[in-house]
Colleague: 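I have a structure I would like to understand better, so I am pasting it below and will then ask my questions one at a time.
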Amino acid sequence: DIAVRMEGVDKHYDDFHALKKIDLEVRSGERIVICGPSGSGKSTLIRCINRLEEIQGGRILVYGRDLTAGSAAVEAIRREVGMVFQQFNLFPHMTVLENCTLAPRRVRSVSREEAEATARRYLERVRIPEQADKYPAQLSGGQQQRVAIARALCMNPKIMLFDEPTSALDPEMVQEVLDTMIDLAEGGMTMLCVTHEMGFARKVADRVVFMDEGEIVETAPPSEFFTRP
Ligand code: ADP
Ligand code: ADP
């Protein structure tokens, strides 16, 4: 079962060629870590998967559905693909619980009771059940990022995308977010993670994809990857 298939994907920002004929296939349940130098296109690659970015060539299929085929497909993809950003992107004027229930209630028309029950379950899972009624500014960075993960999970996604989820955190909070991601991985979630956390890659990645200048220059299991000269 193929979760994501990128075929000859080209992405330009004006005259800058950010992704060059990218081919990538992610099986259902697979964990991919994407690494490479700053500016190599890692963030662009995963942002194209839930169409935060338009592509100019090739195609992207998510569970067989062509992402490049109209707005109906995009809506469907956003329900199936959760994303976690470097800067948390929580709504500051909403409580943790409201952040977690907004999309399920608006997009999926889930009842308030059901949405709140689901949110509380995921807040428990990311180990911050007691923060449900707080506002993001009252939480640490690590707690905010775990809210962002719980919020994404509340949509019951089949795939989770992470864009440097620990890069904006104080060092002492990195591990609590990585532990949440490890827990998700062990639960069988299909994950694509842009991260420099090589300990995480070694522990959970099925494959590490190395990018440079808009291309995938190497793909290998972490065991091979880290023993190369
Ligand atoms: P990475 O995640 O590997 O650091 P990015 O995907 O963020 O790389 O960016 C790849 C390249 O595309 C960089 O040179 C960056 O400056 C450029 N880029 C990214 N987003 C935009 C944008 N919105 N407009 C113009 N250039 C962009
Ligand atoms: P990241 O590495 O997390 O992608 P960046 O600093 O590369 O962070 O980009 C932050 C935001 O600015 C992104 O939305 C990206 O698309 C945009 N961006 C990056 N490079 C450029 C650029 N050269 N011109 C315009 N927007 C850019």
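Order of appearance sets the numbers: ligands from 1, and atoms from 1 within every ligand. In what follows, every heavy atom counts, from backbone to side chain, and hydrogens, waters and symmetry copies are set aside.
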Colleague: Check each atom of ligand 1 against the heavy atoms of T44 and keep those under 4.0 Å away; list them by number with element.
Modeller: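 In order of number, 5 (P), 6 (O), 9 (O).
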Colleague: Please confirm whether G39 comes within less than 3.5 Å of ligand 1 when only nitrogen or oxygen atoms on both sides are compared.
Modeller: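 Yes, G39 has an N/O under 3.5 Å of an N/O on ligand 1.
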Colleague: Between ligand 1 and E53, is the shortest N or O to N or O distance under 3.5 Å?
Modeller: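 Min N/O separation from ligand 1 is not below 3.5 Å for E53.
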Colleague: Give a yes or no on whether a salt bridge exists between E7 and R5, defined as a side-chain N under 4.0 angstrom from a carboxylate O.
Modeller: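 Here E7 pairs with R5 in a salt bridge, since their nearest N and O are under 4.0 Å apart.
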Colleague: Between D10 and K20 (salt bridge meaning N to carboxylate O under 4.0 Å), is one present in this structure?
Modeller: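 Between K20 and D10 there is no salt bridge, as every charged N stays at least 4.0 Å from the carboxylate O atoms.
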Colleague: Determine, for E75 against R78, whether the closest basic-nitrogen to carboxylate-oxygen distance falls under 4.0 angstrom.
Modeller: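 No.
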Colleague: For atom 7 (O) of ligand 1, which candidate among S43, G214, C35 provides the closest heavy atom?
Modeller: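 Among S43, G214, C35, the closest heavy atom to atom 7 (O) of ligand 1 belongs to S43.
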Colleague: Is the NZ or CZ atom of R31 positioned over F200's six-membered ring, under 6.0 angstrom from the centre and within 45° of the axis?
Modeller: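 Cation-pi check for R31 and F200: fails.
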Colleague: Is there any N or O on A18 that sits under 3.5 Å from an N or O of ligand 1?
Modeller: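 For ligand 1, there is no N or O atom that lies under 3.5 Å from one belonging to A18.
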Colleague: Would you say S40 and ligand 1 have an N/O pair spaced under 3.5 Å apart?
Modeller: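 For ligand 1, there is an N or O atom that lies under 3.5 Å from one belonging to S40.
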Colleague: Would G36 count as a contact residue for ligand 1, given that I'm defining contact as a non-hydrogen atom of the residue lying under 4.0 Å from a ligand atom?
Modeller: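 The answer is no, since G36 has no heavy atom less than 4.0 Å from ligand 1.
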Colleague: Please state whether P37 comes within less than 4.0 angstrom of ligand 1, counting heavy atoms only.
Modeller: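 Yes; P37 lies near enough to ligand 1 that a heavy-atom distance drops under 4.0 Å.
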Colleague: Between M198 and F210, is there shared hydrophobic-cluster membership here, with clusters defined by ILVMFWY side-chain heavy atoms closer than 4.5 Å?
Modeller: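 Yes, same cluster.
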Colleague: Between E124 and R120, is the closest basic N to carboxylate O distance under 4.0 Å?
Modeller: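 E124 and R120: not salt-bridged.
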